[in-house]
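The chains referred to below are lettered A, B, ... by the order of the sequence lines, with proteins before strands, and numbering in each begins at 1.
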Amino acid sequence: MSLPPLAAHGLGKRFGREWGLRDCTLTIPPGAIVGLAGPNAAGKSTLLSLATGLLAPSEGSISVLGCDPLRDSAVLGRIGYVAQGAPLYRSFSVAETIEFARRTNPRWDDAIVPEFLTRIASQTKVGALSAGERARLALALVLGKRPELVLLDEPFVGLDPLAGREFLQLLMDRVAETPTAVVIASHVIADIERVCDHIVLLTRGGVRLQGDVEELLGSHRILTGPRRPLGSIRGVREIVRERHSDRQLTLLVVTDRPIVDRSWTVEPVGLEELLLAYMAPERPLTPPTPERLPLQWHG
Amino acid sequence: MRPVIEFHLDQSSGVATYLQIVQQVKEALRLGTIDVGDQLPTVREVVADLAINPNTVAKAYRELEHGGLVVARKGRGTFVAHTLASASVQHHDELRAQLEE
C-alpha cells in the first residue's frame, strides 16, 4: 500500500483572528484525480499553500507523499504546483522560462515541451501570452518536473471553454502515461467534473464531503413526490436538502437501500447539483410566511 | 486511421462516465456498427478526445472485458471479442442485397 499523496489531520490555519481553514481532515488515495471544490474563501488556496510548505499550520498536521512539506523540503521537488493566475516572470520569453525550469529542476523532462507549446513562438514574452497560452506554459513547467503530485489552484479562471478543454486534455494525456495524483481546486464544478474521480468539498466549517465520485453519485438520489409531513422513508439514511412547492416535495437524500415506496419518483443526481446542495449553509427550513388575509366573517 | 467508435458524454445525465462508455460500446455492438476483431480506441485516444480521466476509460474497458465483450491484448490494445448484434442485424446487408436483386 503506497502512502497517500496528500493527507491532513485536524489541519487549521489562522490569519490574525480569522481562520482561513479549520478542522480539515482528509486523505487522498494514490492516483486519484481530485476535485477540491467549495465556495470562495472556503480555504482551498490555504490548503494548497499548506501542502507546498508556503504556509505553516496553526494546528493539526499535513503530509504530502508521506513527508512534512515544511521540515522535509526535498519533497517539493516531487510536487508540481501552479498557484492561482499561473504567476510567471512576464519579462522572460517562453524559451527563457523553459530554460530556467530546465536548469532549476534536476528531474526535468524535455519531452514535455514540444507537445505543450505548439502554436506558441518561443521568443514571445510571457507577458504577451494569452491566458490560455500562459496556463499551458505553466502546466508544461510543472509536468516537466515529472511530479508525483500535481496541485492546481483555480486553473480555469480566465480561460475560455476551448482553452480550458485543451488544458485538461494535456493534463489528462500526461496522467495517462505516468500515474500521478492531481488536485484541482475550483469553485466551478462544471470545470472539473469531467475528470475528477474523487471529491473534497471544503466549506468554512471544514471538509463537508469527501469521497469517490461514483460512490457519492451512487448513494444519492433525488426524490419527488406530493407534499406530505415527512416521517422516515425506507431506504433513506439522511435527507441532505428539502425543497417544496405548495404541492410537491423534492428531496436530495442519501440512500442505504433501494427506495421501494412507489409514491416517490426516484432519480439520479448530477455532481454539480449534489455539491451545491452540500455547499448551501445548513439552516432550518423556512416556515411558509402566513398569508395576510383580511378578516372574514364565517358565521 | 479513424477509431471505430467515438464516444460522447452527457454530463448532466447523472450516469457515471465509465457507464456511459460501456453503454455506448454495447449499443454499437447491438447495432452491429462495431464487430468482432475491431479495435476500440486506446485509453490515450479517448482521453485526448474527451479530456476525461484515464482511470475512467480503463474502468469502462475492464467492465467490458469482465463481461467477455472485449479482450485486452498487452501492448496492442483492446479488441472486440463478442458481438451483441442479433442474427437479424448481422444479415441486414445480405437481406438488403437480396431485395435489390
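- Below 4.5 Å, heavy atoms of chain A meet heavy atoms from Ala51(B), Ile52(B), Asn53(B), Pro54(B), Asn55(B), Lys59(B), all part of residues 51-72 of chain B.
- Leu9(B) touches chain A through its side chain: at least one heavy atom from C-beta onward sits under 4.5 Å away, while N, CA, C and O do not.
- Residues of residues 163-178 of chain A that come closer than 4.5 Å to chain B, counting heavy atoms only, are Arg165(A), Leu168(A), Gln169(A), Met172(A), Asp173(A), Val175(A), Ala176(A), Glu177(A), ordered by residue number.
- Across Glu272(A), Glu214(A), Glu267(A), the residue that shares the most heavy-atom pairs under 4.5 angstrom with chain B is Glu214(A).
- For Glu273(A), the side chain to side chain donor-acceptor pair (under 3.5 Å) partners at least two apart in sequence or on another chain are Arg241(A).
- Taking non-hydrogen atoms and a 4.5 Å limit, the residue list of residues 188-199 of chain A in contact with chain B, ordered by number, reads Glu193(A), Arg194(A), Val195(A), Cys196(A), Asp197(A).
- Annotation for Arg107(A): atom CZ counts as buried by contact number, over 12 foreign heavy atoms lying within 6.0 Å.
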